[in-house]
Amino acid sequence: MGPLPPLAEGGLARPRIGIAGISIESSTFSPHISGDEAFTIREGADLLGYYPFLDAGRELRDAVEWVPIHHGRSLPGGAVAPATYQRMKDAIVRGIRAEIAAGGPFDGFFFDIHGAMSVVGMQDAEGDLATAVREALGDDVLVSTSMDLHGNVSEVLRDALDLLTCYRMAPHEDWMNTKERAVWNLLVRLRGPHGSDVLRRRPYKAWVPVPVLLPGEKTSTRLEPARGIYAEVPAVEELDGVMDAAIWVGYAWADEPRNMAIVMVTGDDREVIAREAERLARQYWDARGDFVFVGPTAPLGAALDRALAAGAARPYVISDSGDNPTAGGAGDVSWTLGELLAREDLAAAGRVVVHASVFDRDAVAQAVAAGVGAIVTLDVGGRVDPGPRGPVRIAGEVFSITEGDPAAGTQVVIRAGSVHAILTERRKPFHHLHDFRMLGIDPARADVVIVKIGYLEPELYDLAADWTLALTPGGVDQDLLRLGHHRLAPGVYPFDTTGTPALTAHVSRRGEGIPA
């Protein structure tokens, strides 16, 4: 993205644009419920300040009359409590209506969502939210959204919005850049020669559903075939008549008809965007059997055998993938910790095997009451998601106590033999080396570091001398076929391997339905 194009004749010099949305990734296979406590709410100046590309003095900040309304953002987790969703939805709709009453209609709207939110008792939560936002805004407002590539684009969501784009990298190193692109696209249309023409400022959308649903750990853009397919996206965007191109992998750990891959190309040339959307969709479909896990995989026992073998590289990192809280896992599944404590080769001290983490408020409180150096016996985890194992009993020394983490609250480390079990008061992902060092653990000097994650985030990737993706149970189990999906659309691979989809683009823009 370069500077904004000059204001064209007929364009809007300083459009009025609102900001709102809800962002969470929700596993419907996790018993965890995401309530009010899960969400960080931002409004007004706090919300505007969340986006560095809207800092004072930046071009995008000065080109717009910004109206930041209400945004809720949460760590991935289980489905959202209905009352929590309703409160945020009401705040957004109420805020839109109040701002229109006070300052007049909006010209544009930045709808900042994830795309994989599930709400208990609902289907297509983002579609419901987008419909409510559209009704509050009216038909004339140009709405742009940025999404995670693990989000879902239903027909309802597609039809409620005008401009849709998503991340192009997994891991999501371009997440904020994508939000900036969504805003930049919005400004380009509003400042262009048709900025005041409600219909013509809207681009056409070529939308192609691709009935494939794969976990993110099989679709990392670090590896082929995803790397090559996603490399095509910016090239498509550069074509005449095209404004944006996007490929959504979809969210694998929710069971709704919208969960599948989607390709969308937007622009003014209907033929070009349809052709390119269908071409990208065909590439994705043809490669469906070629996607592989981002690293070597094994059951946990085999992964530990590799990691603990004589001569194994150190530190050896194991991804405890089934309860990954950044994909929607509950975060308190104790199955892996129980397996570690049962291993005879870890019963004695002498190695450093770190497990991050299990959240359990009561267990942390008991360890804190006992104090550093005390020997404790605790029943840990398996309270929110008891499915794989239930609580696990650990007997060991309180190695450290660390208070005040903004995500985790109080954290304790219990040392039992060679196992260093990290327990937290609240759910927390462990992505950075500092997350360990603040607890008195140097991950670079550990023998084995086990983290509840899928593909390794950059610092863990750089830390690992070697690693394995362990196929462990939990709400975001990588073995999708054992989770029990039963509400997906017909023909979705790998749940159904018999069909051949049409992969035909549906081309439309709001106010003007166009057959493909």
Side-chain angles (χ1 to χ4, degrees), residues 24-34 76-82 114-127 148 150-152 154 209-219 248-262 288-289 291-293 297-301 319-336 338-339 381-391 427 452-454 469-499 501:
I24 184 174
E25 194 174 44
S26 309
S27 169
T28 62
F29 297 101
S30 170
H32 177 260
I33 299 297
S34 298
V80 180
H114 181 286
M117 172 172 63
S118 292
V119 176
V120 175
M122 288 182 61
Q123 181 173 292
D124 190 11
E126 273 98 357
D148 192 304
H150 297 122
N152 310 290
S154 68
V210 186
V212 175
L213 187 61
L214 299 170
E217 284 67 27
K218 276 193 172 182
T219 51
W248 285 262
V249 171
Y251 182 61
W253 295 291
D255 189 19
E256 299 178 14
R258 63 180 177 144
N259 294 103
M260 69 174 73
I262 296 290
R288 66 192 181 281
F291 290 95
V292 294
F293 282 112
T297 62
L300 179 65
S319 171
D320 181 5
S321 63
D323 191 37
N324 174 12
T326 58
D332 88 325
V333 170
S334 56
W335 187 86
T336 294
E339 295 296 297
R383 305 182 198 280
V384 176
D385 189 350
R389 182 173 238 125
R427 301 167 71 238
K452 288 185 174 180
I453 199 169
L469 179 76
L471 303 177
T472 54
V476 290
D477 195 328
Q478 295 290 324
D479 186 347
L480 300 184
L481 298 182
R482 68 185 180 189
L483 279 172
H485 292 77
H486 63 279
R487 299 174 62 214
L488 298 177
V492 174
Y493 176 90
F495 305 89
D496 183 341
T497 59
T498 61

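Here the structure is a predicted model, which is why all the values come from computation and not from measurement.
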Polar side-chain atom of [X] near backbone of [Y] as donor-acceptor pair, under 3.5 Å:
{"X": "R427", "Y": "P76", "answer": "yes"}
{"X": "E25", "Y": "A116", "answer": "no"}
{"X": "S154", "Y": "D124", "answer": "no"}
{"X": "K452", "Y": "G331", "answer": "yes"}
{"X": "S30", "Y": "G329", "answer": "no"}

Atom pair CZ/OG1 of R288 and T219 - distance to nearest 0.5 Å: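 OG1 of T219 is found 16.0 Å from CZ of R288.
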Distance only, no hydrogens: is a donor on one side chain within 3.5 Å (strictly under) of an acceptor on the other, for [X] and [Y]?
{"X": "D385", "Y": "H32", "value": "no"}
{"X": "D255", "Y": "H485", "value": "no"}
{"X": "T472", "Y": "D320", "value": "yes"}
{"X": "S118", "Y": "E256", "value": "yes"}

Specify the closest pair of heavy atoms between [X] and [Y], including all atoms of both residues, with the distance to one decimal.
{"X": "S26", "Y": "V80", "result": "OG-CG2, 4.1 Å"}
{"X": "V476", "Y": "S321", "result": "CG2-O, 3.5 Å"}
{"X": "S27", "Y": "G475", "result": "OG-O, 2.9 Å"}
{"X": "A254", "Y": "N259", "result": "O-OD1, 3.3 Å"}
{"X": "L483", "Y": "F29", "result": "O-CE2, 3.5 Å"}
{"X": "L213", "Y": "P494", "result": "O-CD, 3.4 Å"}

Is the shortest heavy-atom distance from the side chain of [X] to the side chain of [Y] under 4.5 Å?
{"X": "F291", "Y": "E217", "answer": "no"}
{"X": "R383", "Y": "P391", "answer": "yes"}
{"X": "P299", "Y": "L471", "answer": "no"}

Derivation and outcome, side-chain contact (heavy atoms from CB on, under 4.5 Å), residues L480 and F495: CA-CA 9 Å; L480 300 184; F495 305 89; 3.9 Å; yes
Stepwise side-chain contact (heavy atoms from CB on, under 4.5 Å) test for D148 and W248: CA-CA 8 Å; D148 192 304; W248 285 262; over 6 Å; no
Residues H150, V249; criterion side-chain contact (heavy atoms from CB on, under 4.5 Å); working and verdict: CA-CA 5 Å; H150 297 122; V249 171; 4.1 Å; yes
Candidate pair L488 and M260, rule side-chain contact (heavy atoms from CB on, under 4.5 Å), full reasoning: CA-CA 8 Å; L488 298 177; M260 69 174 73; over 6 Å; no
